[in-house]
Number of protein chains: 4
Amino acid sequence: MKPVCLVMGAGAGIGGTVGKRFAAEGYHAVLCRRSDEDGLNRLVKDIEDAGGEATGFILNAVKDDTIEECLAKVEADIGPIEVVIFNLGAQVGNRALEETSYKVFELGWRMATFALFRTASVLCPLMAQRGKGTILVTSSTAAVRGNAGQHSHAAAMGGRRMLCQSLNAQYAGKGIHVAHVVIDGSVDAPDTLGKMLGEEKFQQLRESKGLEHDGLMLPEKIAETYLHLHQQHRSVWTHELDLRSFSDLAWWNH
Amino acid sequence: MKPVCLVMGAGAGIGGTVGKRFAAEGYHAVLCRRSDEDGLNRLVKDIEDAGGEATGFILNAVKDDTIEECLAKVEADIGPIEVVIFNLGAQVGNRALEETSYKVFELGWRMATFALFRTASVLCPLMAQRGKGTILVTSSTAAVRGNAGQHSHAAAMGGRRMLCQSLNAQYAGKGIHVAHVVIDGSVDAPDTLGKMLGEEKFQQLRESKGLEHDGLMLPEKIAETYLHLHQQHRSVWTHELDLRSFSDLAWWNH
Amino acid sequence: MKPVCLVMGAGAGIGGTVGKRFAAEGYHAVLCRRSDEDGLNRLVKDIEDAGGEATGFILNAVKDDTIEECLAKVEADIGPIEVVIFNLGAQVGNRALEETSYKVFELGWRMATFALFRTASVLCPLMAQRGKGTILVTSSTAAVRGNAGQHSHAAAMGGRRMLCQSLNAQYAGKGIHVAHVVIDGSVDAPDTLGKMLGEEKFQQLRESKGLEHDGLMLPEKIAETYLHLHQQHRSVWTHELDLRSFSDLAWWNH
Amino acid sequence: MKPVCLVMGAGAGIGGTVGKRFAAEGYHAVLCRRSDEDGLNRLVKDIEDAGGEATGFILNAVKDDTIEECLAKVEADIGPIEVVIFNLGAQVGNRALEETSYKVFELGWRMATFALFRTASVLCPLMAQRGKGTILVTSSTAAVRGNAGQHSHAAAMGGRRMLCQSLNAQYAGKGIHVAHVVIDGSVDAPDTLGKMLGEEKFQQLRESKGLEHDGLMLPEKIAETYLHLHQQHRSVWTHELDLRSFSDLAWWNH
């Protein structure tokens, strides 16, 4: 039985790609996402075609019991979850305070903060019992500094970052490696950046900034760092690192 | 008509004391708290006895519409709110993940993060129209680093800190001064620390650490810094500062 | 005998202005600067004309023994130094690595880091014996984030910030208040910004950004915050705060 | 001709071990250290015995011209330096301010800050011309927070961290990857920790905390992360990460 790598938020960007990478490394990839069952099935098939194992779940992470039921099912039917890629975002584009409804603000928290808390509440005790586990949390610049138009996003991600530190403080000594990955730039991801910008603008950006120029962060390259974090020996665990394109300025410089 | 200083979370510690200080400075203090109407009335009477103006509100900040209705009423009946002391905490004591229910975690966010968002959503547009306003946010060590037992508290306060930076980024240029005050130590406050520790332990701590030794932070001294922040000239605004007793180590040293 | 407030780096901007403010508060202001004896004498005379006490020293802070001799002389002839305003900068304008000579880099460290270490080495033991003292350190954005063109400045100021934390960790409990003030913007200061930009450009900037618009930080307003830091009760000391104009973005937003 | 990986500070801990790791990966390891020619020769021989290439240099990094001459010689005689492991420390043990001489303080800066500046001043322009290069800087907790007894160490490392950010800001876009690695714990390193503690205490620590328990950070495991940093694709570079044993608390929790 293969160990399980569960991806919460498995679109065609970081989530799905990291899932594929762990599948290639011998993990059963469990891919959870809110919608686009076709896209999900393609991801599963890609992994299977490459000789790997994968299972897809359509799951609304802001609804009651969804995460809990999925995790219970995976643990019962597929196997112990060894790695979680927590990849739910809460980016709603740039919105002034007046354009940020209570509903949007709460949704951001439910996706980015509370869903991680729920996932950790279920899994950390199990992982601690088994003496090992890895939780890799995709994060963003908004987790380390607020900005105009980021009221919802920054509040959700900032809370999440502090939650990661709290989980790490309680569980690292019990063998659970929690790492907070600050994605400080634009990712070449059709499901998130692509949808936010629209197809045409996204392709323009890919051509001007990405592709040959590597100004967009490539998901398959990000996946290498996720894998490395998971493979770090327990005497040398990283809790936080940043990632950005060589051609981008760091957040503290712009 | 006096300008209004509204205190959200006006207990017998920082909130009430800062309210008194602003009342002494010529503000109509509007004191909002969840419970203890007697305590609230005493605060109001203290201010009036000293020649000041005050109004008390019993208000549950986690319920729908409560904050919004209170703010509307104050603006209509008492006067434009010039200063907000946002003093709602989310400290639930040290709790391991397993002892932190979903309900507690959500409540922390509703108190510490969402209630500030609601307050700002109502007031920032008004303050921006008037070209001035001050929002002083009492915060804690948990806003800048997580810790075992702080899953709920740190997530709520960390989100709040990023929200403060976001509000500041959008509104400073419009004359609204948002300041995030990191209270990095124990406050000599019967309503919070006192209740958390119990009467006896609190008195012991006061005698051993506080009183003559100044190891507990004195609310009336904290109030001086709040007043100073509000009085800073707009060419030299502070967004964040820390406060701790001289005899305590900074959070980064323990 | 008046208590002494010694200003290291007392030009016509923050240093001299804070010196004046403390003189008005009853301190004997000891003003130290590298050059411009006429300017120094004017500062002293201004303070005396206003009924205060002041003494000027021309002193090259990067030379051996200068600081030590000055401090010894002040302690012997004028009185115990209660407050130090450490205001030496190391700004050399924007310089690419290739344009930053070893000499410039070392000078930056001697001014901004080593001179503070020397000052603290002499005064902290004395202040600790007396059970009180305040060291207020003017700092800059470069202390909290590096930037292209800031190789020398950022290295010097970043080292200084960590030194301030170290001094604070050893000496706060002995009654010495060390505060690190992050000046995150342009100060309306002819001796520093004025010289860097040249007379004409400086006046243009003052007219476009400063004066009525408060986009330049006013030294006399900065001085109020320095005074407040010194006056904070020992149960509520600030170790670090930032200051910037309401119309400027915080460093983390640009 | 093999590409060159130059290690500044190549003792029996991180430096030498990372050198070996890069040699195994096909680099000519150039190992520089201040003393212990026998130890250096053993390192070189170990690498050669394993089929790799290595050259040793005895070099005093605080003396004038030493670094510059070494780098010039390597570039001329061995080949273009593609990777620098900058591993000079400035740890002098815990020393109160009164026990930290001016000489010690300056030496700390010369080792930890200025030597990196000198190295970068020589190599960054060359690497920028060649369009690629990697500078991995071993750092420590003292780079991110001061502490009593760390006056010299923290000032030196804090300056270094800001210098790394400045180098990164100027040179990342030109293909130079600068990464700052915060070693937040004790390394199983006889040449540094071993010397600081003495042989006997070091062995006790190894037995109680390290070895089977992984409480000491293992240099060969640290080396894996250094290698990963170097191998990151340029669209996803890490500027900073922390490393600590799973059983240690993060610096912000103690």
Side-chain angles (χ1 to χ4, degrees), chain B residues 14 132 162 165-166 168-188 209-211 213-229 231-254, chain C residues 14 132 162 165-166 168-188 209-211 213-229 231-254:
Chain B
I14 295 176
K132 77 172 172 178
M162 288 301 105
Q165 291 190 1
S166 300
N168 187 63
Q170 183 178 345
Y171 286 108
K174 289 168 182 152
I176 305 179
H177 184 183
V178 179
H180 181 257
V181 180
V182 179
I183 303 289
D184 184 28
S186 300
V187 179
D188 189 15
K209 210 179 164 186
L211 299 177
H213 312 295
D214 297 327
L216 293 181
M217 302 170 73
L218 299 176
E220 59 268 36
K221 305 304 184 182
I222 292 174
E224 295 302 319
T225 290
Y226 277 68
L227 186 62
H228 176 72
L229 286 168
Q231 292 176 338
Q232 285 182 319
H233 185 259
R234 66 176 188 165
S235 81
V236 290
W237 278 356
T238 291
H239 173 70
E240 184 169 88
L241 56 73
D242 50 0
L243 290 174
R244 71 185 59 79
S245 168
F246 80 107
S247 58
D248 255 359
L249 293 174
W251 64 263
W252 54 83
N253 287 133
H254 64 116
Chain C
I14 296 175
K132 77 171 173 179
M162 288 300 105
Q165 291 191 359
S166 300
N168 186 62
Q170 184 179 344
Y171 286 108
K174 288 168 182 154
I176 305 179
H177 184 184
V178 179
H180 181 257
V181 181
V182 178
I183 304 289
D184 184 29
S186 299
V187 179
D188 189 15
K209 209 181 165 185
L211 300 177
H213 312 295
D214 296 327
L216 293 180
M217 302 169 73
L218 299 176
E220 58 269 35
K221 304 305 185 182
I222 293 175
E224 294 302 320
T225 290
Y226 277 68
L227 186 63
H228 176 71
L229 286 168
Q231 291 176 339
Q232 284 182 319
H233 185 259
R234 67 176 186 165
S235 82
V236 290
W237 278 356
T238 291
H239 173 71
E240 185 168 87
L241 57 73
D242 51 0
L243 290 174
R244 71 183 61 79
S245 168
F246 80 108
S247 58
D248 255 359
L249 292 174
W251 64 263
W252 55 83
N253 286 132
H254 66 115

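All values below were derived from every heavy atom in this structure, side-chain atoms included, with hydrogens, water molecules and symmetry-related copies excluded. As the structure is a computational prediction, the values presented were derived from the model and not from experiment. Numbers restart at 1 for each chain; the letters A, B, ... are given by sequence-line order, proteins then strands.
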So, for [X] and [Y], which heavy atoms are closest and what is the spacing to 0.1 Å?
X: B/Asp242; Y: C/His239; value: OD1-N, 2.9 Å
X: C/Asn253; Y: B/Ala169; value: OD1-CB, 3.6 Å
X: B/Lys221; Y: C/Val236; value: CB-CG2, 3.5 Å
X: C/Leu243; Y: B/Gln232; value: CD2-NE2, 3.5 Å

Between [atom1] on residue [X] and [atom2] on residue [Y], distance to nearest 0.5 Å:
X: B/Glu220; Y: C/Ser235; atom1: CD; atom2: OG; value: 7.5 Å
X: B/Trp252; Y: C/Met162; atom1: CH2; atom2: CE; value: 8.5 Å
X: B/Thr238; Y: C/Leu229; atom1: OG1; atom2: CG; value: 8.0 Å

NZ/C/Lys132: more than 12 non-hydrogen atoms of other groups inside 6.0 Å: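 No, the 6.0 Å shell around NZ holds no more than 12 heavy atoms from other groups.
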Between chain C and each of B/Val187, B/Asp248, B/Leu249, B/Ile222, count heavy-atom pairs under 4.5 Å; write down the option with the most.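 Highest number of heavy-atom pairs under 4.5 Å: B/Ile222.
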Counting only non-hydrogen atoms closer than 4.5 Å, does C/Leu216 touch chain B with its backbone (N, CA, C, O), its side chain (CB onward), both, or neither?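 Contact with chain B: backbone only.
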Counting heavy-atom pairs under 4.5 Å with chain B, which one of C/Glu224, C/His177, C/Arg244 comes out on top?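 Answer, by heavy-atom pair count under 4.5 Å with chain B: C/Arg244.
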Pick whichever of C/His228, C/Met217, C/Gln165, C/Glu240 has the most heavy-atom pairs under 4.5 Å with chain B.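 Highest number of pairs under 4.5 Å: C/His228.
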Contact class of B/Ile183 relative to chain C, heavy atoms under 4.5 angstrom: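 Neither part; nothing is under 4.5 Å.
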